[in-house]
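Structure record follows, encoded as structure tokens.
All values reported here derive from a predicted model rather than from experimental measurement. Along the sequence shown, residues carry numbers from 1. We use all heavy atoms of the structure for the numbers below, so side chains are in, but hydrogens, waters and symmetry mates are not. Remember, it's 1-based here, ligands and their atoms both numbered in the order they're listed.
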Amino acid sequence: MNSNPNRAQTFSPPLTCSSMQNTSVTASPYLRAARGEKLHTPPVWLMRQAGRYLPEYLALRANHDFLDVCNTPELACEATLQPIRRFHFDAAILFCDILVPLVPMGIDLSFGKGHGPQIANPVRTKEDVNKLVTIEPRESLDNVLEAIRMVRAALPKDVALIGFAGAPFTLSAYMVEGGKPDPFANLKAMMYSDRRTFDALLEKLGSMVASYLTAMVEAGADAVQLFDTWSGILPEWEFRAVNLPVLQKIFAELKSLNVPLTYFVHGGAHLVSAMKDTGCTVASLDWRVSIPTARKLLGDHIALQGNLDPTVLLADERTIRRETRRIADEGRAGGHIFNLGHGILPITPIASVEIMLDELRRD
Ligand code: CP3
């Protein structure tokens, strides 16, 4: 059920962090679709594919703290490879978190048991922004870069490795709120009352993100993705005014790397046209917009990624097959990477992922 018709290579010898494979990925179905090619079976990977729905991940986490897994190259490599071994996805995404690079910038980050992230020193004033450290990712985030080197060496050549970062607006939301940014009162108060400080924060984050993603590609990532979980709270005109300049700057800086540049916004159906203006080369859509509608808005020069509602994987087999088929058919014209519209939910049954893959790969 899990064999992948796009990829000739199966995992022999076993896929481990020390097994060396050929590292040329020119034939990777993920990269081909990201460049607009039409493939018979769309390449597939899932946002948050490494994590709490996987028994092998839970076993790893039983002995290790979450941030320790992110910061220890052997453990991060193992967590990255787990979903590839089980499901033969077309792309691996580095195991890490969007908040990890904030730590060397001076942010006191923890993940309490059962809570989301917590930040003990929220950033709310001009002084707080000034205090943030300008980092050199090649030095202060070398553990993450080492994990990339290990994963790239271990992966089969036709599985692409995706490096990622949080988009500045989403990172700022956690930093200003001090944790889960809901209902965004502090964030929006800062944005509306002290725009100059807010812009300075986004700019600092934007420089960090651009140099971090560049270092990831230098370390072996074949593509990068920017996660913008919270920009969907902005109306389009605020998105364009507040957010677009820093996104354009990041993607312009990354352009010469010549790798797919994916931009994901959650709750961003009203922002699809604006996504085109960021300079991304792949638009990652959530389930609130259909692929044909997005295609009309974005034109033919941007690949599309998405966009199965993650809760469909909690439904019965017929529904999973129907929705998977619908999305694969909508993307059939080409330039489509199959994915979810947001991260896979921890309560997702493994069998549901297998049904989805069987539907995608069955002919
Ligand atoms: O996609 C992958 O499998 C790669 C790893 C990855 C993680 N987080 C691991 C993780 C990626 C790409 C992320 C991105 C991320 N992290 C986002 C953007 C995407 C999204 O889901 O909206 C955001 C907003 C975060 C911040 C974050 N990290 C939150 C809110 C939480 C707690 C709630 C949750 O989703 O689990 C985390 C923790 C986290 N990040 C876990 C994992 C596997 C769970 C940690 C654990 O308990 O083991």
Side-chain angles (χ1 to χ4, degrees), residues 44-72 75-87 89 91-103 107 109-119 144 147-148 151 160-175 177-182 184 187 205 209 212-213 216 221 223-233 262-268 284-287 305-306 309-310 337 339-348 353:
V44 52
W45 69 281
L46 303 182
M47 289 192 274
R48 311 291 294 269
Q49 65 191 14
R52 290 178 299 179
Y53 71 110
L54 283 180
E56 54 272 39
Y57 173 76
L58 294 175
L60 181 76
R61 279 279 283 108
N63 301 318
H64 301 281
D65 177 68
F66 172 61
L67 282 175
D68 287 344
V69 182
C70 294
N71 286 315
T72 310
L75 297 176
C77 177
E78 169 58 21
T80 305
L81 297 179
Q82 284 177 344
I84 307 301
R85 274 190 212 114
R86 187 186 269 275
F87 297 120
F89 288 126
I93 182 160
L94 175 74
F95 187 88
C96 196
D97 196 83
I98 60 164
L99 304 176
V100 164
L102 302 183
V103 175
I107 293 298
L109 172 71
S110 61
F111 284 85
K113 265 208 158 40
H115 306 287
Q118 283 167 336
I119 287 173
V144 177
I148 290 188
V151 176
L161 173 58
I162 302 169
F164 71 91
F169 186 82
T170 289
L171 294 175
S172 76
Y174 287 96
M175 292 164 91
E177 295 295 343
K180 186 169 169 15
D182 199 11
F184 304 96
L187 177 77
L205 291 167
V209 165
Y212 183 42
L213 292 178
M216 285 183 163
V224 294
Q225 176 156 334
L226 207 51
F227 283 91
D228 211 350
T229 307
W230 297 118
S231 274
I233 67 165
T262 300
Y263 178 55
F264 166 72
V265 197
H266 179 231
S284 190
L285 308 166
D286 86 357
W287 59 91
Q305 177 172 273
D309 184 335
I337 298 155
N339 205 313
L340 302 177
H342 197 191
I344 187 166
L345 297 165
I347 53 172
T348 307
V353 180

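Of all the atoms in ligand 1, the ones that sit under 4.0 Å from a non-hydrogen atom of F95 are 43 (C). When each atom of ligand 1 is checked for a heavy atom of T229 under 4.0 Å away, the hits are 18 (C), 19 (C), 20 (C), 22 (O), 24 (C). Every atom of ligand 1 with a heavy atom of F164 under 4.0 Å away is listed here by number and element: 11 (C), 12 (C).
The protein non-hydrogen atom at the shortest distance from atom 28 (N) of ligand 1 is D97 OD1, 2.7 Å. When only non-hydrogen protein atoms are considered, atom 41 (C) of ligand 1 lies nearest to R48 NH2, 3.5 Å. Protein heavy atom closest to atom 47 (O) of ligand 1, with residue, atom name and distance, is R61 NH2, 3.3 Å. Of the protein's non-hydrogen atoms, the one nearest atom 24 (C) of ligand 1 is Y174 OH, 3.2 Å. Looking only at protein heavy atoms, the nearest one to atom 45 (C) of ligand 1 is F66 CD1, 3.5 Å. For atom 37 (C) of ligand 1, the nearest protein heavy atom (residue, atom name, distance) is F111 CE2, 3.5 Å. Of the protein's heavy atoms, R52 NH2, 4.1 Å lies nearest to atom 33 (C) of ligand 1.
With C96, A167, A50 as candidates, the residue nearest to atom 5 (C) of ligand 1 on a non-hydrogen basis is C96. For atom 14 (C) of ligand 1, the choice among L54, I98, L109 with the nearest heavy atom turns out to be I98. Looking at A165, P117, G116 and measuring to atom 29 (C) of ligand 1, the nearest heavy atom belongs to P117.
Residue contacts with ligand 1, taken as heavy atom pairs separated by less than 4.0 Å, do not involve K180 at all. Contacts with ligand 1 closer than 4.0 Å are made by backbone heavy atoms (N, CA, C, O) of L94 only, the side chain lying farther away.
In this structure, L54 and P83 have side chains that are in contact, with non-hydrogen atoms separated by less than 4.5 Å. Between V353 and I344, the closest side-chain pair of non-hydrogen atoms falls below 4.5 Å. The side-chain heavy atoms of T262 and I337, taken from C-beta on, include no pair separated by under 4.5 Å.
Between H342 and ligand 1 there is a heavy-atom distance shorter than 4.0 Å.
Checking each of F264, F227, Y263 against F164 for a ring-ring contact (aromatic ring centres under 6.0 Å, His included) leaves exactly one that passes, namely F227.
Ligand 1 has no N or O atom lying under 3.5 Å from any N or O atom of W230, backbone or side chain.
With rounding to the nearest 0.5 angstrom, the CG atom of L99 is 5.0 Å from the CZ atom of F111.
Annotation for S231 and T170: closest pair N-OG1, 4.2 Å, computed over non-hydrogen atoms. Counting all heavy atoms, side chain and backbone alike, Q118 lies closest to G112 at OE1-N, 4.3 Å.
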*asked:* Q82 vs F95, test: side-chain contact (heavy atoms from CB on, under 4.5 Å). Steps then yes/no.
replied: CA-CA 10 Å; Q82 284 177 344; F95 187 88; over 6 Å; no

*asked:* Please determine whether side-chain contact (heavy atoms from CB on, under 4.5 Å) holds for the pair D182 and E177, giving the CA-CA distance in whole Å, both sets of side-chain angles, and the decisive distance to 0.1 Å.
replied: CA-CA 8 Å; D182 199 11; E177 295 295 343; over 6 Å; no

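D286 contributes no side-chain N or O that, together with a main-chain N or O of H342, makes up a donor-acceptor pair within less than 3.5 Å. Of the possible polar contacts, one joining the N339 side chain to the M47 backbone as a donor-acceptor pair under 3.5 Å is found.
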